[in-house]
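A short write-up of the structure that comes next.
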Amino acid sequence: MTRSKVNLSEVLGDMGTTKATRVADNLTNSMLNTKQIIKVSLNKVYVAKQIRLKINQDTVDGIVKSVPISGLKNLAEIRKVTPAIDEGSVPEGYDYVLLAGEHRFRALEILGMAEHDFSFIPPSIIKTKEDVIRYKYEENNVRSEMHIVEKANTLQRFLELGVTQANAAEKMGITTSLASRLNRINKHIDEEDKLKIIELDIKSERVIVSIAK
């Protein structure tokens with residue numbers, strides 16, 4: 001199986017190059033409306049189900065090897081636990097939810113770091129469940145284009161919230177035609193089989209859609 005390689009030049013570098021105000025792990029009301037860099041205990045960050053279906057261990061291992069040398073250039077992103085979004089799905093004891101950067105977060109765990117700087121994305125940007133899905137999708141797809149079955153999964157999550165297929169396509173920046181093909185994949189391929197497709201490194205949309213017929 002061919003594994004994708006992490007672009008270390010994008011995710012690693014001198015932490016001192018990050019330009020933002022660093023604040024303590026307690027946010028005032030004014031800070032809740034602004035992106036901030038905050039130092040947070042890792043055990044206060046809940047890792048909810050992410051957009052990507054599978055963690056690439058090679059990516060995590062590459063980050064682990066490089067962090068002690070250079071530090072994280074692009075910080076993992078978190079948001080505040082919000083009742084309107086989380087509705088009791090986040091266990092007690094967590095103050096934040098991971099938005100993007102699970103590979104980086106897992107690397108920090110392996111390194112045994114009790115706390116680390118995170119990029120805090122405020123409630124003024126993440127207001128709804130739809131915002132959470134859109135933000136995760138955009139961050140992941142820009143960093144490394146997502147597999148077609150992961151895009152299908154993203155579409156499915158929008159549809160489960162009552163978003164129309166056309167509106168979901170608009171939020172994802174894809175054509176309605178592609179959205180229809182993704183929906184066909186969702187109807188005929190479950191998440192377990194989607195994982196197998198990723199593991200087998202099947203990337204051809206034509207092949208995957210034909211499987212889904």
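Computation of the quantities below employed the complete heavy-atom set of this structure, encompassing side-chain atoms and omitting hydrogens, waters and symmetry-equivalent molecules.
Between F118 and F105, the ring planes lie tilted relative to each other; the angle falls in the 30° to 60° range.
Rounding to the nearest 0.5 Å places CD1 of I185 at 11.0 Å from CD of Q156. Note that CZ of F120 is 9.5 Å distant from CD1 of I125, once rounded to the nearest 0.5 Å. With values rounded to the nearest 0.5 angstrom, I148 atom CD1 is found 11.5 Å from T154 atom OG1. Summarising the geometry, atom CG belonging to L99 is positioned 10.0 Å from atom CG belonging to N140; distances are rounded to the nearest 0.5 Å. Note that CD of E87 and NZ of K129 are 3.5 Å apart. Values are rounded to the nearest 0.5 Å. Summarising the geometry, atom CD1 belonging to I51 is positioned 11.0 Å from atom CD belonging to E138; distances are rounded to the nearest 0.5 Å.
When the salt bridge (Lys or Arg N to Asp or Glu O under 4.0 Å) test is applied to K151, the partners found at least two apart in sequence or on another chain are E145. Qualifying side-chain contact (heavy atoms from CB on, under 4.5 Å) partners for L111, counting only residues two or more places apart in sequence or in other chains: V64, V67, P68, M113.
Using modelled atom types, one side-chain atom of N186 and one backbone atom of A152 make a donor-acceptor pair closer than 3.5 Å. Between the E77 side chain and the L75 main chain, no donor and acceptor come within less than 3.5 Å of each other. At distances below 3.5 Å, at least one donor-acceptor pair connects side-chain atoms of H103 with backbone N or O atoms of N56. Between the side chain of T128 and the backbone N or O of I126, no donor-acceptor pair lies under 3.5 Å. Between the side chain of R104 and the backbone N or O of N74, at least one donor-acceptor pair lies under 3.5 Å. At least one donor-acceptor pair under 3.5 Å links the side chain of N141 to the backbone N or O of M146. With hydrogens and angles disregarded, no donor-acceptor distance shorter than 3.5 Å links the side chain of N153 to the backbone of V149.
In this structure, L155 and A168 approach most closely via the heavy-atom pair CD1-CB, 3.5 Å. Annotation for L98 and A76: closest pair CD1-CB, 4.1 Å, computed over non-hydrogen atoms.
In this structure, D95 and K80 have side chains that are in contact, with non-hydrogen atoms separated by less than 4.5 Å. Side-chain atoms of R79 and V132, non-hydrogen and from C-beta on, do get closer than 4.5 Å to each other. Within the 4.5 Å cutoff, the side chain of Y94 has no heavy atoms near those of the N43 side chain. When side chains are defined from C-beta on, I55 counts as touching V60, because their heavy atoms get closer than 4.5 Å. In this structure the side chain of I121 reaches within 4.5 angstrom of the side chain of K35, judged on heavy atoms. Using a 4.5 Å heavy-atom threshold, the side chains of D117 and V40 count as separate. In this structure the side chain of R134 reaches within 4.5 angstrom of the side chain of D131, judged on heavy atoms. A 4.5 Å side-chain heavy-atom check between I202 and I197 finds at least one atom pair inside the cut-off.
Between the side chains of N167 and T164, at least one donor N or O lies within less than 3.5 Å of an accepting N or O. Side-chain N/O atoms of T176 and Q165 include no donor and acceptor closer than 3.5 Å. R181 and S177 are linked by a side-chain donor-acceptor pair at a separation below 3.5 angstrom, with hydrogens and angles left out of the test. When only modelled atom types and interatomic distance are considered, Y137 and E150 share no side-chain donor-acceptor pair under 3.5 Å.
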*Between K49 and E102, is a salt bridge (Lys or Arg N to Asp or Glu O under 4.0 Å) present by the stated rule, with each step listed?*
CA-CA 10 Å; K49 189 173 183 179; E102 186 174 4; over 6 Å; no
*Check the pair D86, V97 against side-chain contact (heavy atoms from CB on, under 4.5 Å), reporting the backbone distance first and the verdict last.*
CA-CA 9 Å; D86 302 301; V97 180; 4.1 Å; yes
_The test is side-chain contact (heavy atoms from CB on, under 4.5 Å); show your working for R184 and V209 and say whether it passes._
CA-CA 7 Å; R184 186 185 307 160; V209 171; 3.2 Å; yes
*Dump the intermediate steps for side-chain contact (heavy atoms from CB on, under 4.5 Å) on K136 and Q50, then the final yes or no.*
CA-CA 8 Å; K136 287 183 176 182; Q50 299 297 297; 3.6 Å; yes
*Are R157 and E160 close enough, and set up right, to give a salt bridge (Lys or Arg N to Asp or Glu O under 4.0 Å), and what steps lead you there?*
CA-CA 5 Å; R157 292 176 69 174; E160 288 171 350; 5.8 Å; no
*Can you check side-chain contact (heavy atoms from CB on, under 4.5 Å) on R206 and I211, steps first, answer last?*
CA-CA 9 Å; R206 179 181 60 80; I211 294 173; over 6 Å; no
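Residues I85 and Y135 fall within the same hydrophobic cluster, defined by Ile, Leu, Val, Met, Phe, Trp and Tyr side chains chained together at heavy-atom separations under 4.5 Å. In the hydrophobic clustering of this structure, L53 groups with L159; members are Ile, Leu, Val, Met, Phe, Trp, Tyr whose side-chain heavy atoms approach within less than 4.5 Å, directly or through other members. In this structure, L178 is a member of the same hydrophobic cluster as I189, with clusters built from ILVMFWY side-chain heavy atoms closer than 4.5 Å. Placement of Y46 and L108 in two distinct hydrophobic clusters is found when ILVMFWY residues are connected by side-chain heavy-atom separations under 4.5 Å, directly or transitively. No path of Ile, Leu, Val, Met, Phe, Trp and Tyr side chains, each step under 4.5 Å between heavy atoms, connects L42 with V90, placing them in separate hydrophobic clusters.
Screening residues 161-175 for salt bridge (Lys or Arg N to Asp or Glu O under 4.0 Å) gives E130-K171 as the qualifying pairs, with residues at least two apart or on separate chains.
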